[in-house]
Structure formats: structure tokens, C-alpha cells
Amino acid sequence: MKLVLLYLCIICHGMATVDGARTNVSGGKPKSSGTFNVKEYGARGNGRSDDTKAFLAAWDAACKSSGQVKILIPSGTYFLNPIEFNGPCRDVQSLKFEMQGTLRATTDLRKYGNGKGWVEFRHVDGLTVTGGGTFDGQGAVSWPFNKCPKDKNCKVLPTSVKFVNTKDTVLRGITSLNSKFFHMALLGCHNFKGSGITISAPGTSPNTDGIHLEGSTGVTISSSRVATGDDCISIGQGNSLVTISGITCGPGHGISVGSLGRYNDEEDVKNVIVKDSTFQGTTNGVRIKTWANSPAITKVQNMTFDNLVMKNVDYPIVIDQTYCPFAKCDNSRASRVKLSDIHFKNIRGTTKRPEAVILRCSKGTPCQKLSLHNINLKNIGSGDTLSTCLNAKAEYSGKIFPPPCQ
Ligand SMILES: *[C@@H]1O[C@H](CO)[C@@H](O)[C@H](O)[C@H]1NC(C)=O
Ligand SMILES: *[C@@H]1O[C@H](CO)[C@@H](O)[C@H](O)[C@H]1NC(C)=O
């Protein structure tokens, strides 16, 4: 027994020396509660030196400790290779990742694992990411290598920040700049609260979705500003209980449910509210998009889009069940994604094009329980707008402009 302990101690001392880290381990017991400053673990924060190891050492020490724990990233610019912050952190009650500084991504694409993000938080409970700092994805140099807008078998560039299988996460007052691909992705998260998030990339940057959700439940995103080159927020397969509010979106492609119906293993999407948000110069406002020829039967159920302002938007209200981002897609079979209980209400403002309301439902499974209430969308030039429908029987109430499909 003694021998084993001694042996373990040699290992941990050895590791501390290798990482150049100072630890607060005394007598072999992890300390309870405390602050783990990345600078005390060797981070330089000068924007050039590789601080990846120091961040990992600080995370490991924090994760191995107990109680309420903070990882502090003081102001400065920290150059980071792809990095995974892994849990579970068994004895940690809450873990605050306080980013006062900027994290800057390497631009060397060879460093990124296939399908991996740049910064990943994985399997952590009770994580709060806050502090006013910035994730700088340095995407501009890799955007020319992104062939995804044209080629469906493209190599996907890394997402800037991923939350994977986290529980009870708060993301507050954080900026994401120029991601290479998506800015943020939530995969398999439960109970996630995002607010005061600023996302920024040029309107022309490819596939730079702001926040993408998949397989997650209990997600609220509020009071945030997204200006980017793709969807401001995209709600993919397998999500439930999602509330999006107080978003300013634009430039960008709007807030989307989808795209859905492309892969075999997709789950239903249900119980989504998008409300109290503004769209400025976006290509779409709110949109549900599903591919034709979908391999599996899935459902999109109980969606409400309420109190939305459109300013100079191309297509404010869109259901597109023949979604095809490429020049050509296989449309030989109708989409098998079933839409029901879809409600658009209190949506007003201006459009750039005449087609203000597009309800293009699947021929195979026409939309059910689709309703529109108080819609007022005028063309910025002539004022004239129109509705187009396909396999859609909508119920209308309140004031409706453009007039319903005939
Ligand atoms: C170690 O603990 C002391 C006192 O609690 C604290 O001031 C210091 O920042 C800690 N160092 C590390 C590396 O966490
Ligand atoms: C519809 O979704 C909302 C928002 O998540 C939820 O509050 C409500 O309970 C859902 N309604 C039904 C009938 O499931």
C-alpha cells in the first residue's frame, strides 16, 4: 500500500515539473475551492507563445479539485492549438471559466483533428463560461479552403467552440470572432443558458453559423447579437425545449430549424420558441428547412415564432421542405420530415423581395396545424409582397399582409 502511494506521488511530482505548473496539492489531498490562474501554470498571454499546455494544466488541476472552482484567464491574448477541456470533474460543484482575455486559434489546419473543434468543453457539469473575453477563430485565412457551400462531400473546417455532453452550462458575456466554420456548437447538452453573447464574422464568410444546436434539451439563448455569414442560430436534429429570445441577427441567414432530413440517424425536433428578436438585412428571417429524399421519418413539432421584427430581409418567413444549398439535389422523393404545430405570429417589418411568406411543405407529408397570426410584411420599395404555398393548409387570424395564398 505504502509503496503504491509513494509511486503515485513520484508520478504526480514528475508531471507537475513537466508542465511547469504550480499546484495547490498538499499532502496528496486536492484543495477545496479556489482560483486556478492560467498564468500560474505557465501561460504567457503574449499572442505568440503556445499556451495550450498551460491551459490544460490549469484545467486538470481545477477539475481534480473540489467545491466551487474558478479558472482565471487574465487579460492578454493566448495563442491556442485545438484544446479539449474534459470532465467529469467529480468533486467540483461549479466551475467558472473566467475569460478576461482573448483566446486566439492557430491557423494551421493540420493541427485540427477530423471533426474536432478548436476549443471543446466536454462532459462537464455546472460550467460557467464568462468574463467578457473573446474566442478569436482567425477564420479569414481558412475560408478560401472551405468547399462546403458547393461540394457536399467537403472536408468540414473546425468549429470554434464546442460544448459536448455538458449539463447545467452558462455562457454569458462572451464574444466569438471570425470562426473558421461554426462559431459555437452545442452537442448533446442539457440545460444550457446563453446570454450576452456577441458573434461576429463578415456576411460573406462561409458556414460561419453563430450557434448550432444538436441533440440538446433545455436550451435558452437570450439577449445576444449575431452578425455572421450563415445562420445566426441553427436548431438541428434532436433538440427539444429550446427558447431563443432577444436576438439581433444580421448579417446572416436568419434563425433556422434545420437543416433536417439529410442523414439516417436524425432525431425529432420539438418544443421550440423563437421570440422578441430583430433581423437586419438577413437573407431569411425564421426558417424551417428539410432536405428532400430524406432517408428517415422524423418529426418537427410545436414551434412558435413570435414577436419578430424584419428590417430589409429577403425572405422573412420560410418553410422549405425541398432545401437544397447546392446547384442540384436529388428531389426524386419528397421529404419525410413531418411538420406539425408550427405557428408564426406577430411578425412585421420590411422585405427586400416580394416573397415575404414561403410555405413550401412536403408533398408526401404536408404540414399540419400550421398557423399565421398578425403578419405585416411590406416590400421596402413598392410595398407589395406575396405568399407562396405548396402542400400547406395554413390557418390565418388577425391582420395578414401579404394576403394568404389562394
Ligand atoms: C493556491 O492557493 C492559494 C491560496 O488559496 C492561491 O492564492 C493561489 O492562487 C493558488 N495557486 C494556484 C496555482 O491555484
Ligand atoms: C411547446 O413548446 C413550448 C416551448 O418549449 C413548451 O413550453 C410547451 O409545453 C410545448 N407544448 C406542448 C404541447 O408540448
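Numbering of ligands and ligand atoms starts at 1, following listing order. Numbers here are sequence positions counted from 1.
For Q368, the CD atom counts as loosely surrounded, since its 6.0 Å shell holds 12 or fewer non-hydrogen atoms of other residues, nucleotides or ligands. Within a 6.0 Å radius of CZ in R122, more than 12 heavy atoms belonging to other residues, nucleotides or ligands are found.
Contact atoms of ligand 2 toward I273: 4 (C) (distance under 4.0 Å to a heavy atom of the residue).
The presence of a protein heavy atom under 4.0 Å from atom 2 (O) of ligand 2 is confirmed. Within a 4.0 Å radius of atom 9 (O) of ligand 2, the protein has no heavy atom.
Atom 5 (O) of ligand 2 has N271 O, 3.0 Å as its closest protein atom, hydrogens excluded (heavy atom only). In terms of protein heavy-atom proximity, atom 12 (C) of ligand 2 is closest to N302 ND2, 3.4 Å.
In this structure, a donor-acceptor pair under 3.5 Å is absent between the side chains of N307 and N346.
Within the 4.5 Å cutoff, no side-chain heavy atoms of P404 are placed close to those of S387.
Of the two cysteines examined, C361 and C389, the SG atoms fail the criterion of being under 2.5 Å apart.
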